[in-house]
Enquirer: 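Structure incoming, see below.
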Amino acid sequence: MTFYIHTYGCQMNVRDSEAVAASLVAAGHTQVPAEDAADIVIVNTCSVREKAEEKALGKLGLLCASKRERPRRIIGVMGCMAQRMGQFVFERVPTLDFAVGCRAARLIPCVVADIEAGGGGRRWLTTDISDHDVPQGHLESDLAAFVTVLLGCNRRCSYCIVPAARGPEYSRPAKEIVDEVACLAERGVREVTLLGQSVLNYGRQREPVFDAPAPVGVAFTEPFPRLLEVVAKVPGISRIRFTSGHPSGCTEELARAFRDIPQVCPHLHLPVQSGSDRILKSMRRGYTAEQYLAAVERLRSFVPDIAITTDIIVGYPGETEADFEATRELMRRARFDNSFIFKFSPRPGTPAAQMSDDVSAEEKDRRNKVLLADQDDIGVANNALWIGREVEVLAEGPSLRNAERWSGRCGQNKIVIFDPEQGVGRGDLVKVKIVRANPQTLFGSIIV
Ligand code: 5AD
Ligand code: SF4
């Protein structure tokens with residue numbers, strides 16, 4: 001059969017969709033580039049905000065309506081919303097064929113085979129959250145690939161659905177990760193992004209993730225920096241990125257890994273959520289604004305050019321004007337390269353959903369806009385600092401807007417547009433001197 005996976009949400013979901021697609025291809029199905037041509041359509045969902053769920057439910061409704069003309073079509077839902085809603089998803093979308101939660105994705109090929117054999121009529125629901133055996137296959141590789149290193153999340157941030165949706169933390173053994181990266185490198189991948197909800201927590205639980213303890217006198221002893229070190233040794237991998245960070249993981253060892261492992265890109269996505277200590281405490285983030293800034297400074301003292309990006313929630317329950325101003329102040333001091341701003345959305349079952357959602361929609365909107373404008377100003381100033389300097393770019397090929405110029409990303413994860421040079425190919429690392437910048441993009445030419 002032909003299939004199409006529609007993906008909402010974060011990079012984690014993009015990665016899970018790829019692995020499920022690979023498992024369906026292995027079972028003999030064919031991926032098609034458009035939903036209309038597909039016999040099986042799966043929606044991979046996000047629960048992080050109510051809007052994301054509404055979008056997915058709307059999409060599923062439309063897809064299920066298409067079964068009137070195409071009765072043999074199979075429509076399924078996977079990911080965080082499938083996990084969170086369980087059987088209630090069938091109340092919202094009655095003709096859905098299956099709902100498979102975050103840790104049960106490996107069952108999808110069997111579920112599809114069962115539905116196909118039975119001609120429909122039977123619904124599948126699997127939401128066991130304890131499994132670690134999630135699919136890790138890859139499709140035909142591009143230059144860059146995602147590799148999941150940590151499943152789930154053990155933090156208990158008051159607003160967040162992720163621990164409920166993705167289950168407890170589990171670190172994959174380092175050997176399994178290195179083998180996967182080596183396999184990708186052989187297929188032409190040059191850049192890997194190691195994924196985990198709180199990726200710096202890698203290997204911090206009791207189970208060992210390395211075959212042997214770190215030998216005495218080696219550069220790194222903490223599990224995540226060690227993982228970076230072993231992944232960097234895989235031949236062919238020229239860049240390593242990872243996401244998302246938490247200040248508790250921004251140790252001196254991590255800062256050294258950024259500085260001393262050449263493949264590790266100088267960029268960290270380090271969600272701060274708020275700049276008010278009172279709100280951070282209610283959010284149970286486990287740090288104060290000063291501690292967050294100290295973590296950023298620690299990284300910058302080792303790698304002055306590191307790019308830091310963040311997530312911020314506006315309108316969290318009880319957020320006053322003074323709390324909001326504290327967030328603006330933190331943004332000014334942290335000089336983020338980019339910020340993703342979200343309006344608080346109460347998620348069922350989380351502690352913050354028990355609190356009064358007392359910041360009005362208009363006020364959330366206003367605070368959102370103020371922070372976006374603040375970030376734009378900071379972004380312009382940050383990018384202007386690159387003019388006249390060199391960055392290292394992974395050449396990706398002709399730019400989408402102007403095929404005569406090439407584009408790629410620098411280590412700091414900014415898009416760089418440059419003139420192609422003879423002898424430079426896709427996948428090469430090139431040095432580019434920046435001559436112009438706007439808030440989102442740098443422009444320059446290759447220096448030889
Ligand atoms: N409401 C709004 N934003 C949220 N996020 C997580 N939970 C919520 C919520 N309930 C944001 C956080 C997180 C990002 C992925 O989504 O900023 O870092
Ligand atoms: Fe990703 Fe969180 Fe959305 Fe799940 S709920 S898809 S983990 S952002």
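Note that ligands are numbered from 1 as they come in the structure, with each ligand's atoms numbered from 1 the same way. Quick caveat, the model's predicted, so the values are computed rather than measured.
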Enquirer: State whether a side-chain donor-acceptor pair under 3.5 Å links Ser274 with Tyr316.
Expert: no
Enquirer: For the OG atom of Ser360 and the CG atom of Asp365, what is their distance to the nearest 0.5 Å?
Expert: 9.0 Å
Enquirer: By number and element, which atoms of ligand 1 are closer than 4.0 Å to a non-hydrogen atom of Phe344?
Expert: 1 (N), 2 (C)
Enquirer: Taking only heavy atoms of Lys343 into account, list the atoms of ligand 1 that are under 4.0 Å away from them.
Expert: 1 (N), 2 (C)
Enquirer: Does Glu396 have any salt bridge (Lys or Arg N to Asp or Glu O under 4.0 Å) partners at least two apart in sequence or in another chain, and if so, which?
Expert: none
Enquirer: Who pairs with Asp133 by salt bridge (Lys or Arg N to Asp or Glu O under 4.0 Å), at least two apart in sequence or on another chain?
Expert: Arg106
Enquirer: For Cys10 and Gln197, work out which heavy atoms get closest and say how close.
Expert: SG-NE2, 4.4 Å
Enquirer: Just to be sure I read this right, does ligand 1 sit under 4.0 Å from the backbone of Tyr159, its side chain, both, or neither, counting only heavy atoms?
Expert: both
Enquirer: What part of Arg49, side chain, backbone, both or neither, has a heavy atom within less than 4.0 angstrom of ligand 1?
Expert: side chain
Enquirer: Going by heavy-atom distance to atom 15 (C) of ligand 1, choose the closest among Asp311, Ile161, Thr350.
Expert: Asp311
Enquirer: Can you confirm if the NZ or CZ of Arg367 lies within 45° of the ring axis of Phe324 and under 6.0 Å from the centre of its six-membered ring?
Expert: yes
Enquirer: Side chain or backbone of Val48 under 4.0 Å from ligand 1, or both, or neither, by non-hydrogen atoms?
Expert: both
Enquirer: Under 4.0 Å from a heavy atom of Phe342: which atoms of ligand 1 are those, numbered in the order shown and with their elements?
Expert: 3 (N), 11 (C), 14 (C), 16 (O), 17 (O)
Enquirer: Quick check for you: to the nearest 0.5 Å, what is the distance between Leu151 atom CG and Arg103 atom CZ?
Expert: 5.0 Å
Enquirer: Considering Ala353, Ser339, Ser345, Cys46, which one's heavy-atom position lies nearest to atom 1 (N) of ligand 1?
Expert: Ser345
Enquirer: Which ligand 1 atoms does Gln273 reach within 4.0 Å, using its non-hydrogen atoms?
Expert: 12 (C), 13 (C), 17 (O), 18 (O)
